[in-house]
*Asks:* 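Mind looking over this structure? Questions follow.
Just follow the structure's listing: the first ligand is 1, and inside any ligand the first atom is 1. Note that the coordinates shown come from a computational prediction; the quantities given were computed from them, not determined experimentally. Quick note: numbers below take in every heavy atom, side chains included, and nothing from hydrogens, waters or symmetry partners.
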Amino acid sequence: MNLLSIKAVSGIFLFVLLLGVMYNFNTNRTLEPSEKTEGTSVDGCAAKTITFCPEGHLKSPDHLKYKQPSIIHGRTNVVTVTPWLAPVVWEGSFNPNLLDAIYKPKNISIAATVFAVGKYTMFLKDFLETAEQHFFVGFTVHMHVFTDKPKEVPKVKMAAGRKLTVHTVPSADRWQEISARRMEIIQKLIEEELQDNTDYIFCLDVDSKFYDRWGTESLDRLVAVIHPGYYKTNRDVLPYERRPSSKAYIGLGEGDFYYCGGAYGGQVQEVHQLTKTCSENFKDDAKKGIEAAWQEESHLNRYMWINKPTKLLSPEYLWQDFKSKEPEIHTIRFSGVIKNYAAIRPNA
Ligand code: UD2
């Protein structure tokens with residue numbers, strides 16, 4: 001080989017090497033929090049592409065035996081898919097053993113956040129004890145409790161692979177404040193503690209108990225729970241924020257479902273984008289003297305209308321104890337307890 005061809009070959013080699021390094025850099029690195037914040041729009045739509053995908057392909061163990069699936073027999077009195085083709089999870093629409101067998105080898109980790117400020121610490125014991133019985137049993141779970149009274153967090157025996165961290169937050173004079181600032185705190189938790197070591201996160205209300213399984217069937221990128229109080233309601237009377245000056249505004253004839261502020265989740269990167277966008281929009285509203293009708297729940301509904309959830313959980317996943325059971329509700333998995341607001345909230 002003459003000198004010219006040696007130079008050409010080494011030039012090509014260096015070019016290919018450079019392409020390889022660039023490809024690797026783009027696909028394998030973890031996104032820094034500052035990068036994720038770039039280009040965020042009112043609805044968080046301009047977020048950077050997320051390459052991490054713990055679902056990957058759904059690999060079933062070899063020769064696993066389970067009930068034969070069918071596309072002609074199944075739930076008939078409920079809708080199990082949205083118009084954007086996201087599944088709606090109802091009892092009888094999934095096989096829990098099959099899903100657990102698929103997810104178990106992936107070694108996924110799940111975080112859950114729960115706020116117990118002021119008198120709401122009284123709900124922690126039941127919440128935590130019933131979570132041990134029903135919430136992702138057999139999986140790695142890290143509970144994050146946010147409270148102004150850390151000494152009142154009960155000691156609950158947790159199974160192997162499960163742990164709890166208590167975070168201290170300021171007290172509040174108004175219940176609306178608690179409902180307004182949870183998302184900012186969750187955003188920071190993800191940035192500071194979860195983004196490199198946790199796959200999924202669920203953000204839950206504390207004044208609730210688990211009664212039945214909440215597990216791998218609920219996993220997806222962005223997960224919303226349909227509110228038990230409004231799933232039969234015409235969308236023009238849903239309690240969305242209706243003032244056009246608010247960033248949570250949803251007009252008449254708009255919106256899909258009414259989603260719960262008391263339960264939502266998904267992959268940590270997706271929930272980071274959701275909480276960051278909603279808390280920014282909440283603060284922008286506050287600068288104009290606006291507090292959305294249902295605080296962060298209104299902003300969540302606006303966000304989820306534009307950024308469609310990839311999986312919806314039926315109202316089985318957040319029922320209310322005071323409501324009588326409806327025929328389409330075959331099980332209640334998680335439900336808000338009956339409480340005397342006047343006695344437990346810091347303000348009326
Ligand atoms: C409804 C919503 C809830 C939220 C709330 C508006 C559902 C089914 N219900 O629930 O998500 O939008 O209305 O506030 O989605 N908290 C405290 N201390 C307090 C007050 C509240 O820690 O003094 C926390 C606690 O985690 C509680 C959550 O805020 O679970 C919501 O409390 P709530 O009593 O306002 O909730 P609720 O049941 O009326």
*Asks:* Is there a path of hydrophobic side-chain contacts, each under 4.5 Å between heavy atoms of I, L, V, M, F, W or Y residues, that connects Phe322 with Trp319?
*Replies:* no
*Asks:* Please indicate, with yes or no, if any protein heavy atom is found under 4.0 Å from atom 5 (C) of ligand 1?
*Replies:* no
*Asks:* What heavy-atom pair brings Tyr259 and Ala224 nearest, and what distance separates the two atoms?
*Replies:* CD2-CB, 3.4 Å
*Asks:* Return yes if some donor-acceptor pair links the side-chain N/O of Asp199 with the main-chain N/O of Ser109 below 3.5 Å, else return no.
*Replies:* yes
*Asks:* For atom 13 (O) of ligand 1, which candidate among Trp294, Phe123, Phe127, Tyr230 holds the nearest heavy atom?
*Replies:* Trp294
*Asks:* Would you mind checking which non-hydrogen protein atom is closest to atom 10 (O) of ligand 1, with the distance to 0.1 Å?
*Replies:* Asp205 OD2, 3.9 Å
*Asks:* Check whether any N or O atom of Leu318, backbone or side chain, sits under 3.5 Å from an N or O atom of ligand 1, and answer yes or no.
*Replies:* no
*Asks:* Side chain or backbone, does Tyr341 bring an N or O within less than 3.5 Å of an N or O on ligand 1?
*Replies:* yes
*Asks:* Distance-only, no hydrogens or angles: does the Arg235 side chain make a donor-acceptor pair with backbone N or O of Gly255 under 3.5 Å?
*Replies:* yes
*Asks:* Could you state whether Phe257 and Val81 fall into the same hydrophobic cluster, counting links through intermediate Ile, Leu, Val, Met, Phe, Trp or Tyr residues with side-chain heavy atoms under 4.5 angstrom apart?
*Replies:* no
*Asks:* Mind checking whether Phe115 has an N or O less than 3.5 Å away from an N or O of ligand 1?
*Replies:* yes
*Asks:* Does the residue Glu296 have a heavy-atom contact with ligand 1, meaning some pair of atoms that are separated by less than 4.0 Å?
*Replies:* no
*Asks:* Could you check whether the rings of His227 and Tyr258 sit parallel, tilted or perpendicular, using 30° and 60° as the cut-offs?
*Replies:* tilted
*Asks:* Are Val156 and Phe135 joined in one hydrophobic group, where the rule is that I, L, V, M, F, W and Y side chains link up if heavy atoms are under 4.5 Å apart?
*Replies:* yes
*Asks:* Of the protein's non-hydrogen atoms, which lies at the shortest distance from atom 17 (C) of ligand 1, and what is that distance?
*Replies:* Tyr120 CG, 3.4 Å
*Asks:* Quick one: closest heavy-atom pair of Val114 and Leu124, and the distance?
*Replies:* CG1-CD2, 4.3 Å
*Asks:* Taking Ser298 for its side chain and Ala248 for its backbone only, find out whether a donor-acceptor pair lies under 3.5 Å.
*Replies:* no
*Asks:* Using a 4.0 Å cutoff against the non-hydrogen atoms of Gly261, which atoms of ligand 1 qualify?
*Replies:* 11 (O), 15 (O)
*Asks:* Can you tell me the protein heavy atom closest to atom 38 (O) of ligand 1 and the distance?
*Replies:* Lys339 NZ, 2.7 Å
*Asks:* If you take all heavy atoms of Lys311 and Ala86, which pair is closest and at what distance?
*Replies:* N-CB, 4.2 Å
*Asks:* With only distance considered, is Val206 within less than 3.5 Å of ligand 1 through an N or O on each side?
*Replies:* yes
*Asks:* To the nearest 0.1 Å, how far is atom 11 (O) of ligand 1 from its closest protein heavy atom, and which atom is that?
*Replies:* Gly262 N, 2.7 Å
*Asks:* To check you understand the geometry: which heavy-atom pair defines the closest contact between Asn77 and Arg75, and what is its length?
*Replies:* OD1-NH2, 3.1 Å
*Asks:* Considering only the protein, which heavy-atom contact is closest to atom 35 (O) of ligand 1, and what is its distance?
*Replies:* Arg345 NH2, 2.6 Å
*Asks:* Can you tell me which residue and heavy atom of the protein come closest to atom 18 (N) of ligand 1, and the distance to 0.1 Å?
*Replies:* Val117 O, 2.8 Å
*Asks:* For atom NZ of Lys125, is the number of surrounding heavy atoms from other residues, nucleotides or ligands below 6.0 Å larger than 12?
*Replies:* no
*Asks:* Report yes or no: does a heavy atom of Pro346 sit under 4.0 Å from some atom of ligand 1?
*Replies:* yes
*Asks:* Determine, step by step, whether Glu191 and Lys276 satisfy the salt bridge (charged side-chain N to carboxylate O under 4.0 Å, His left out) criterion, reporting the C-alpha distance in whole Å, the side-chain angles of both residues, the deciding distance to 0.1 Å, and the verdict.
*Replies:* CA-CA 10 Å; Glu191 288 169 8; Lys276 179 175 161 31; 6.0 Å; no
*Asks:* Counting non-hydrogen protein atoms only, what is the nearest one to atom 9 (N) of ligand 1? Give residue, atom name and distance.
*Replies:* His227 NE2, 3.9 Å
*Asks:* Looking at Ala116, which atoms of ligand 1 are within less than 4.0 Å of one of its heavy atoms?
*Replies:* 22 (O)
*Asks:* Does Arg182 have a heavy atom less than 4.0 Å from any atom of ligand 1?
*Replies:* yes
*Asks:* Quick check on contacts: which atoms of ligand 1 are under 4.0 angstrom from a heavy atom of Ser179?
*Replies:* 14 (O)
*Asks:* For atom 12 (O) of ligand 1, which candidate among Glu297, Glu177, Gln295 holds the nearest heavy atom?
*Replies:* Glu297
*Asks:* Determine whether any heavy atom of Gly118 lies closer than 4.0 Å to an atom of ligand 1.
*Replies:* no
*Asks:* Which protein non-hydrogen atom lies closest to atom 24 (C) of ligand 1, naming both residue and atom, and how far is it?
*Replies:* Ile178 CG2, 3.7 Å
*Asks:* Please check if the distance between the ring centroids of Trp305 and Tyr240 is under 6.0 Å.
*Replies:* no
*Asks:* Under 3.5 Å, N or O to N or O, is Trp175 touching ligand 1 that way?
*Replies:* no
